[in-house]
2 protein chains.
Amino acid sequence: MERFKTIDTTDIAAFEAVMPGRVLVGQAVSEDYSHDEMTEYGLFMPEAVLLAQSAAEVSAVLRYCSGRHIAVTPRGAGTGLCGGCVADKGGIVLSLQRMDKVLEVDTANMAAVVEPGVLLMEFPKALEGTGLFYPPDPGEKSATLGGNAMTNAGGMRAVRYGVTRDYILGMEIVLSDGEIITLGGKTVKNSSGYSLLDLMIGSEGTLGILTRLTVKLIPLPAANMTLLVPFDDLDLCVRAVPSVLACGCEPTAVEFMEREVISASEKYLGKQFPDRQADAYLLIRIDGPSAAALEPSLETLTGLLLSLGARDVLLADTDERKAGIWDARGAFLEAIKAGTTSMDECDVVVPREKIAEFMRCSRGISRETGLRILSFGHAGDGNLHLYALRDELPDSLWHNRRAAAMNALYAQARVLGGQVSGEHAIGHAKVEYLRSALGERQMALMCAVKAVFDPAGILNPGKVCGG
Amino acid sequence: MERFKTIDTTDIAAFEAVMPGRVLVGQAVSEDYSHDEMTEYGLFMPEAVLLAQSAAEVSAVLRYCSGRHIAVTPRGAGTGLCGGCVADKGGIVLSLQRMDKVLEVDTANMAAVVEPGVLLMEFPKALEGTGLFYPPDPGEKSATLGGNAMTNAGGMRAVRYGVTRDYILGMEIVLSDGEIITLGGKTVKNSSGYSLLDLMIGSEGTLGILTRLTVKLIPLPAANMTLLVPFDDLDLCVRAVPSVLACGCEPTAVEFMEREVISASEKYLGKQFPDRQADAYLLIRIDGPSAAALEPSLETLTGLLLSLGARDVLLADTDERKAGIWDARGAFLEAIKAGTTSMDECDVVVPREKIAEFMRCSRGISRETGLRILSFGHAGDGNLHLYALRDELPDSLWHNRRAAAMNALYAQARVLGGQVSGEHAIGHAKVEYLRSALGERQMALMCAVKAVFDPAGILNPGKVCGG
């Protein structure tokens with residue numbers, strides 16, 4: 001017996017009545033909807049794709065589906081990395097991509113109200129000339145703000161400014177029975193009951209569907225500097241990070257990168273990386289009100305990094321040089337993907353001081369499993385992105401080695417006091433790792449919270465809590 | 001019929017077996033336990049007070065009470081302002097005050113692990129010499145870190161650094177059936193399932209009892225400056241705030257204060273405030289790595305404030321002058337209390353740009369109701385503390401006027417897009433205002449979430465969700 005009702009022509013007609021011309025079925029459904037950026041986690045064609053344009057439409061669809069036990073998988077740009085937006089239990093994909101308007105930029109309150117489908121790369125255009133910016137900066141710029149909110153995405157500027165959670169002031173949410181509620185608002189503080197807003201952030205559409213978002217903006221720093229810091233090896237490189245964080249210079253970003261990943265990026269972009277002298281680099285960005293105001297931090301950091309074994313401290317002082325470095329960094333994921341046949345990914349976060357130890361372990365796991373594992377990530381947050389690459393391995397070897405490597409990486413993160421996901425979330429692909437990490441009681445609490453919001457269990461079933 | 005079981009000698013004996021010599025009953029229970037800082041909300045003597053010293057003891061007590069339907073009210077230092085830690089439904093008060101150890105200061109990971117009873121004024125001593133500090137800075141320094149966490153307290157430095165929520169990385173929680181779970185850890189990012197940690201923060205002990213806290217520390221800024229900015233009137237004063245926030249100087253604190261409150265503080269402290277020229281002031285603090293690094297911000301702020309109608313911009317450049325101002329600010333609540341017979345309090349937060357409008361309305365409400373209403377607060381956050389004073393009013397007049405004033409203040413905050421509480425939380429005193437603000441559906445969701453964590457309903461009953 002199917003757990004959810006299969007879509008039939010009556011359902012299609014009902015959806016068509018709600019959103020005429022925006023209900024895709026059969027050949028009209030692009031293969032893109034069957035996966036996110038990780039095809040390794042399976043391809044699942046939805047029975048229908050609905051292109052919503054308003055909260056009222058989302059409400060009508062949920063009211064219909066909850067009464068008929070039809071599974072609903074909300075989806076933004078589909079750039080996730082853990083199968084969070086695929087209809088792996090059947091039913092419909094409810095796309096929020098067309099809800100892509102910036103509704104208000106409120107400079108006086110330093111807030112903006114947006115629809116969930118606004119792209120991360122489009123949003124800055126709406127803020128031009130206001131002197132304000134939205135700090136969260138996940139690597140994937142074609143992601144939506146709604147997707148970022150529902151996965152609590154992080155990004156490169158989190159070291160100084162925090163993650164998406166820290167910039168969400170309010171949400172409009174359609175509950176599974178179609179009722180629309182508003183959580184939070186334009187206030188920057190709130191101690192008014194349980195934070196259902198924080199519960200919703202990172203819940204991957206399993207508790208309600210996001211149809212409007214109020215985000216906090218902050219004054220745009222007038223100046224920034226990028227430092228590229230070569231080290232003889234990765235261990236020395238990541239061991240420098242705690243001191244960089246503690247020195248009082250408030251770095252905006254502290255990333256690490258290795259030669260093998262840089263080379264992949266050079267090949268992918270067809271552009272040479274600005275420096276070739278080392279195998280490991282720290283990439284540091286500092287922000288401030290003026291270049292002059294950054295000088296003391298620059299001096300402090302340079303002295304500190306050289307004392308910690310850096311070969312050099314290179315200042316990227318032109319826009320072109322900055323772009324050369326950050327573009328390379330931005331292309332890492334795509335470059336790694338382009339250099340292999342398939343891959344699995346691990347997004348663990350460990351206490352910041354444990355990164356060096358974790359990296360040593362991951363090299364050991366690579367050797368033991370015979371898998372190529374590339375990594376890069378947010379050294380300043382302890383958040384690592386590790387990619388186990390299939391290359392030319394046959395099915396059985398790949399599946400065995402991949403499982404061994406992933407199990408070992410997650411186990412090692414747990415030993416070091418880490419968490420399953422720093423910023424990519426759980427989707428359907430990481431549920432069992434989450435269960436191992438949190439234990440049955442916390443999983444049961446999460447399932448019970450899910451049941452409070454979605455008693456019929458139709459919202460993005462199987463994600464986060466499993467089941 | 002009583003909703004909860006009344007404590008009898010068998011129960012007392014059972015508690016004594018868990019924590020010998022630390023079970024207070026009858027005359028041994030101080031009257032202090034019957035209220036928090038707001039006696040106006042009623043006096044409720046607990047049937048017994050248990051002084052817990054460990055999570056194991058808390059666990060044993062909860063296991064016992066959940067099986068027998070005994071109400072348990074957790075309590076820190078009792079400095080709350082909405083009746084959150086009083087046993088108004090009977091049963092026991094479970095005091096966490098003796099769990100007051102700083103267990104670990106982990107400088108490498110910039111985190112500390114503490115028991116919930118550590119006092120806000122004691123914690124900095126444990127951090128001395130580390131170069132690190134804990135930014136949350138609620139006015140009441142004799143509050144506990146655990147109480148701050150469970151109310152999501154804010155404080156004066158929230159403008160730049162955020163509120164308590166932003167500094168809680170992990171918690172050890174005893175669930176209502178006695179099971180102990182760990183939420184989060186020492187990682188600074190986390191997208192691993194629903195944020196039960198964020199749900200717990202601000203839940204006022206209604207979902208579980210906090211027995212250990214991991215907090216984030218940040219590098220201590222080496223320099224700070226305090227600006228005292230006199231204005232001709234309060235309206236001009238608060239209207240300057242959005243520009244101060246947007247100018248890129250990243251103020252740490254932006255407080256407003258009026259002559260009447262300053263006078264009360266002078267009288268209470270027996271010390272003269274450093275300036276007498278104006279009726280309204282902004283108090284601004286900026287932090288940075290060095291005094292030199294703060295100079296540009298100082299210049300920007302001075303020019304800006306004068307252009308916005310400030311009479312002057314006074315720099316408090318000695319520790320003595322700084323202390324004179326901040327001590328006065330710190331004494332406001334006690335000073336107001338000392339100057340009247342009883343009072344009610346309102347802790348609304350509005351979008352920052354709406355403060356001036358809200359203040360104008362509150363003056364109107366004061367005139368209309370014939371009640372003296374004093375206010376001060378966090379102008380930089382839109383979070384206002386308003387005190388309706390009883391003075392010499394007889395019972396009936398006071399109750400009518402107080403109800404009229406509070407209803408009007410909360411209604412006005414709602415109209416302006418505000419929230420019931422910015423940082424003092426809900427307790428039992430603000431439940432109906434919360435209901436009016438959020439509506440029945442959100443209250444029902446919160447009650448259902450409460451039932452997930454505390455099916456027997458024994459944890460701090462009547463708080464937050466009511467019932």
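What you see below is based on every heavy atom in this structure, not just the backbone, and it leaves out hydrogens, waters and symmetry mates. Numbers restart at 1 for each chain; the letters A, B, ... are given by sequence-line order, proteins then strands.
- Using a 4.0 Å cut-off between charged side-chain N and carboxylate O, B/Arg160 and B/Asp287 make no salt bridge.
- Proximity to chain A (any heavy atom under 4.5 Å) is shown, for B/Leu445, by both the backbone and the side chain.
- Panel note: side chain A/Gln442, backbone B/Thr182; a donor-acceptor pair is recorded below 3.5 Å.
- Residue contact with chain B, scored on non-hydrogen atoms closer than 4.5 Å, is absent for A/Ile218.
- Of the two parts of B/Thr164, neither the backbone nor the side chain holds a non-hydrogen atom closer than 4.5 Å to a non-hydrogen atom of chain A.
- Ring geometry, B/Tyr410 versus B/Tyr433: the interplanar angle falls under 30°, so the pair is classed parallel (tilted spans 30 to 60°).
- Interface check for chain B: of the options A/Gly422, A/Ala448, A/Ala425, A/Ser290, the most heavy-atom pairs under 4.5 Å are formed by A/Gly422.
- At a 4.5 Å heavy-atom cutoff, the contact between A/Asn383 and chain B is made by side-chain atoms alone.
- Within the 4.5 angstrom heavy-atom criterion, only side-chain atoms of B/Cys465, from C-beta onward, approach chain A.
- In terms of non-hydrogen atom pairs under 4.5 Å with chain B, the most contact-rich of A/Gly288, A/Pro289, A/Ala293, A/Ala246 is A/Ala246.
- In terms of heavy-atom pairs under 4.5 Å with chain A, the best-connected choice from B/Glu250, B/Lys354, B/Lys189 is B/Lys189.
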- Between A/Arg441 and B/Asp177, is a side chain to side chain contact (heavy atoms under 4.5 Å, CB included) present by the stated rule, with each step listed? CA-CA 12 Å; A/Arg441 184 66 187 268; B/Asp177 61 4; 2.9 Å; yes
Using a 3.5 Å cut-off and no angle test, enumerate the donor-acceptor pairs between side-chain atoms of residues 149-159 of chain B and protein atoms at least two apart in sequence or in another chain.
unit_1: B/Thr151; atom_1: OG1; unit_2: B/Gly147; atom_2: O; d: 2.8
unit_1: B/Thr151; atom_1: OG1; unit_2: B/Asn148; atom_2: O; d: 3.4
unit_1: B/Asn152; atom_1: OD1; unit_2: B/Arg165; atom_2: N; d: 2.9
unit_1: B/Asn152; atom_1: ND2; unit_2: A/Asn190; atom_2: O; d: 3.3
unit_1: B/Arg157; atom_1: NE; unit_2: B/Pro135; atom_2: O; d: 2.9
unit_1: B/Arg157; atom_1: NH2; unit_2: B/Pro135; atom_2: O; d: 3.3

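- Side chain of A/Asn224 to backbone of A/Ile286: no donor-acceptor contact under 3.5 angstrom is found.
- Residue A/Ser176 comes nearest to A/Asp454 through the heavy atom pair CB-OD1, 3.4 Å, listed as atom of the first residue, atom of the second, then distance.
- Counting heavy-atom pairs under 4.5 Å between each of A/Val449, A/Thr187, A/Asp347, A/Val350 and chain B puts A/Thr187 at the top.
- Between the side chain of A/Tyr167 and the backbone N or O of A/Tyr161, at least one donor-acceptor pair lies under 3.5 Å.
- Neither the backbone nor the side chain of B/Glu204 comes within contact range of chain A, judged by heavy atoms closer than 4.5 Å.
- The choice from A/Gly202, A/Gly248, A/Gly417, A/Gly193 that makes the most heavy-atom pairs within less than 4.5 Å of chain B is A/Gly193.
- Contact between B/Gly185 and B/Thr214 at its shortest, heavy atoms only, is O-CG2, 3.7 Å.
- Residue contact with chain B, scored on non-hydrogen atoms closer than 4.5 Å, involves the side chain of A/Leu196 exclusively.
- Residue contact with chain A, scored on non-hydrogen atoms closer than 4.5 Å, is absent for B/Leu132.
- Contact count versus chain A (heavy atoms, under 4.5 Å) is highest, among B/Leu175, B/Leu169, B/Asp106, for B/Leu175.
- For B/Leu438, the part lying near chain A is the side chain, with the backbone staying farther off; criterion is any non-hydrogen pair under 4.5 Å.
- Of the atoms belonging to B/Lys450, heavy atoms from both backbone and side chain fall under 4.5 Å from chain A.
- Looking at heavy atoms from C-beta onward, A/Asn109 lies out of side-chain contact with B/Pro242 at the 4.5 angstrom threshold.
- Looking at B/Val163, only its side chain comes within 4.5 Å of chain A, counting heavy atoms on both sides.
- The choice from A/Leu197, A/Thr300, A/Val348, A/Leu207 that makes the most heavy-atom pairs within less than 4.5 Å of chain B is A/Leu207.
- Only the side chain of B/Val464 comes within contact range of chain A, judged by heavy atoms closer than 4.5 Å.
- B/Leu434 touches chain A through its side chain: at least one heavy atom from C-beta onward sits under 4.5 Å away, while N, CA, C and O do not.
- The existence of a salt bridge linking A/Lys186 and A/Glu104 is confirmed by a sub-4.0 Å separation between a basic side-chain nitrogen and an acidic carboxylate oxygen.
- The most heavy-atom pairs under 4.5 Å with chain B, out of A/Asp381, A/Leu199, A/Val241, A/Val420, come from A/Asp381.
- Note that the OG atom of A/Ser192 and the NE2 atom of B/His424 stand 11.5 Å from one another [nearest 0.5 Å].
- B/Thr206 and B/Asn460 form no side-chain donor-acceptor contact under 3.5 Å, judged by distance and modelled atom types alone.
- B/Asp166 touches chain A through its side chain: at least one heavy atom from C-beta onward sits under 4.5 Å away, while N, CA, C and O do not.
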